[in-house]
There are 2 protein chains.
Amino acid sequence: MADTARPDLAAMIVPLGRALMAVEQPVLDAHGLTMWAYAVLLGLEESVRTQSALAQDIGADKTRIIPILDDLQEQGYIERRPDPDDRRARLLSLTPEGRRVRDSTQAAIQAREERLLDRLRPADREGFLNALQFLAALPKEELAGE
Amino acid sequence: MADTARPDLAAMIVPLGRALMAVEQPVLDAHGLTMWAYAVLLGLEESVRTQSALAQDIGADKTRIIPILDDLQEQGYIERRPDPDDRRARLLSLTPEGRRVRDSTQAAIQAREERLLDRLRPADREGFLNALQFLAALPKEELAGE
DNA sequence: TATTGTTATACTCTATAACTATA
DNA sequence: TATAGTTATAGAGTATAACAATA
């Protein structure tokens, strides 16, 4: 039987996402990162990859991340070197300082999030995180298709 | 002990919200509504309210909803009449056709969402919806403050 | 003086098009 | 011809400022 009382998923998720971003903005500011710069650092993780692969992975387009990469490189958080096997491409990698600032920023952000998650009942918290990780990992086509 | 393996909440929620909106866009198109027009119809529900109250409630600002209200009024989905007690203000209400299009749109959207939720394990699904409704109902200040 | 609704304007974010250098 | 990276431009979406009517 349909539970007609629940609001639409998107009507809850989209504003919640906006609110979370607003809450986390001061944390990013304190670490000297913009949201997209942080997303780039997270997207690089341990791996080395090309700019367009990174852009696609973090949901930005390849033109928009360029000034962000410029800044990160200037700050010494990432390195950009030509791919010896394909001289059109640039291989991106985190510097040790990049890894450090990413880790300390993420620690601060997740600590804040934990305070929020602690207000949920344990079972809800676990279901929430499980479901969220499952849905976030779904390819868009699968979200749309079924 | 910290579970360092989980992605940031915002990093999962924001892209998921974007993807959901993209998935639901065709449904809105089929019903001849924009996202904000749909949000307005949902925001009116059964109640009658003023424009700025509505705007604040749906997370838009009062200047942005005006052309949307114009369209909805022209389509015959809402009525705008001056408040007899305060002639500066306009009282908004749904027409029967407005209520009908809102209901059929929401039914289509929630049916689509149900197909997605059905892919979750029952316990995760319940926890997810519980947590989401709790978090979405939190006032922003509380999200930020604690 | 403050507030509702409104219009016009500016700003930010995102997407598109066009160029270069390689392939 | 196609692709990676880049630049410049255009378009959405959003926020700010100023105005008329009313309180």
Side-chain angles (χ1 to χ4, degrees), chain A residues 10-11 13-15 17-22 24-25 28-29 33-40 43-44 47-74 78-93 140, chain B residues 10-11 14-22 24-25 28-29 33-40 43-44 47-74 78-93 140:
Chain A
I13 288 177
V14 172
R18 276 198 246 269
L20 273 177
M21 273 178 44
E24 294 177 358
Q25 189 62 54
L28 292 173
D29 292 345
L33 293 174
T34 65
M35 182 196 57
W36 282 111
Y38 178 56
V40 163
L44 287 176
S47 65
V48 173
R49 50 197 348 190
T50 185
Q51 292 185 194
S52 50
L54 171 69
Q56 180 172 3
D57 202 55
I58 66 177
D61 84 34
K62 64 177 182 176
T63 69
R64 247 184 33 237
I65 64 170
I66 290 174
I68 298 156
L69 295 176
D70 292 343
D71 287 349
L72 287 171
Q73 189 173 25
E74 193 181 352
I78 65 169
E79 276 178 353
R80 252 199 290 209
R81 59 188 177 77
D83 182 345
D85 295 340
D86 181 347
R87 299 221 318 274
R88 295 172 303 182
R90 310 292 170 88
L91 296 179
L92 302 172
S93 56
K140 294 188 294 298
Chain B
V14 173
L16 179 58
R18 277 197 246 271
L20 273 177
M21 274 179 43
E24 293 177 358
Q25 188 63 55
L28 292 172
D29 292 345
L33 294 174
T34 65
M35 182 194 58
W36 282 110
Y38 179 56
V40 163
L44 287 177
S47 65
V48 173
R49 49 197 350 188
T50 185
Q51 291 186 195
S52 50
L54 171 70
Q56 180 172 4
D57 201 55
I58 66 176
D61 83 36
K62 64 177 183 174
T63 69
R64 243 179 41 235
I65 65 170
I66 289 174
I68 298 156
L69 295 176
D70 292 343
D71 287 349
L72 286 171
Q73 189 173 24
E74 193 182 354
I78 66 169
E79 275 177 355
R80 250 196 294 207
R81 60 186 176 80
D83 183 344
D85 295 339
D86 180 347
R87 300 220 318 273
R88 295 172 302 181
R90 312 291 171 87
L91 295 179
L92 303 172
S93 56
K140 293 189 295 297

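To find a chain, count down the sequence lines: A is the first, B the second, and so on, and within it residues start at 1. Keep in mind the model is a prediction, meaning the values are calculated, not measured.
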Touch class at under 4.0 angstrom, heavy-atom based, for Asp83(B) against every strand present: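 Nothing, no nucleic acid heavy atom in range.
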Those residues of residues 48-65 of chain B lying under 4.0 Å from DNA chain D by at least one heavy atom: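 Output list: Asp61(B), Thr63(B), Arg64(B).
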Along DNA chain C (nearest heavy atom to each residue), the more 5'-positioned of Met35(A) and Arg88(A):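 That would be Met35(A).
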Calculate the interatomic distance between [X] atom [atom1] and [N] atom [atom2]; express it in whole Å.
X        : N      : atom1 : atom2 : result
Ile66(B) : dT9(C) : CD1   : C1'   : 15 Å
Leu69(B) : dT7(C) : CG    : C1'   : 15 Å
Asp86(B) : dG5(C) : CG    : C1'   : 11 Å

Between atom [atom1] of [X] and atom [atom2] of [Y], what is the distance when rounded to the nearest 0.5 Å?
X        : Y        : atom1 : atom2 : answer
Arg81(B) : Ser93(B) : CZ    : OG    : 6.0 Å
Asp70(B) : Ile78(B) : CG    : CD1   : 8.0 Å
Ser52(A) : Asp57(A) : OG    : CG    : 11.0 Å
Arg64(A) : Ile58(A) : CZ    : CD1   : 8.0 Å

Residue among Thr50(B), Leu69(B), Val48(B) satisfying side-chain contact (heavy atoms from CB on, under 4.5 Å) with Leu92(B):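 So, applying the side-chain contact (heavy atoms from CB on, under 4.5 Å) to Leu92(B) and each of Thr50(B), Leu69(B), Val48(B), only Leu69(B) qualifies.
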Start and end of chain B contact along DNA chain D [non-hydrogen atoms, under 4.0 Å]: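 Using the under 4.0 Å cut-off, the span is dT14(D) to dA23(D).
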Whether Arg90(B) side chain and Arg49(B) backbone form a donor-acceptor pair below 3.5 Å: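 No, the answer is negative, given that no donor and acceptor are paired below the 3.5 Å cut-off.
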Sidechain N-carboxylate O distance under 4.0 Å for Arg88(A), Asp83(A):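 Result for this pair is no, no salt bridge flagged.
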Residue pair Leu28(B), Met35(B): steps toward the side-chain contact (heavy atoms from CB on, under 4.5 Å) verdict: CA-CA 7 Å; Leu28(B) 292 172; Met35(B) 182 194 58; 4.1 Å; yes
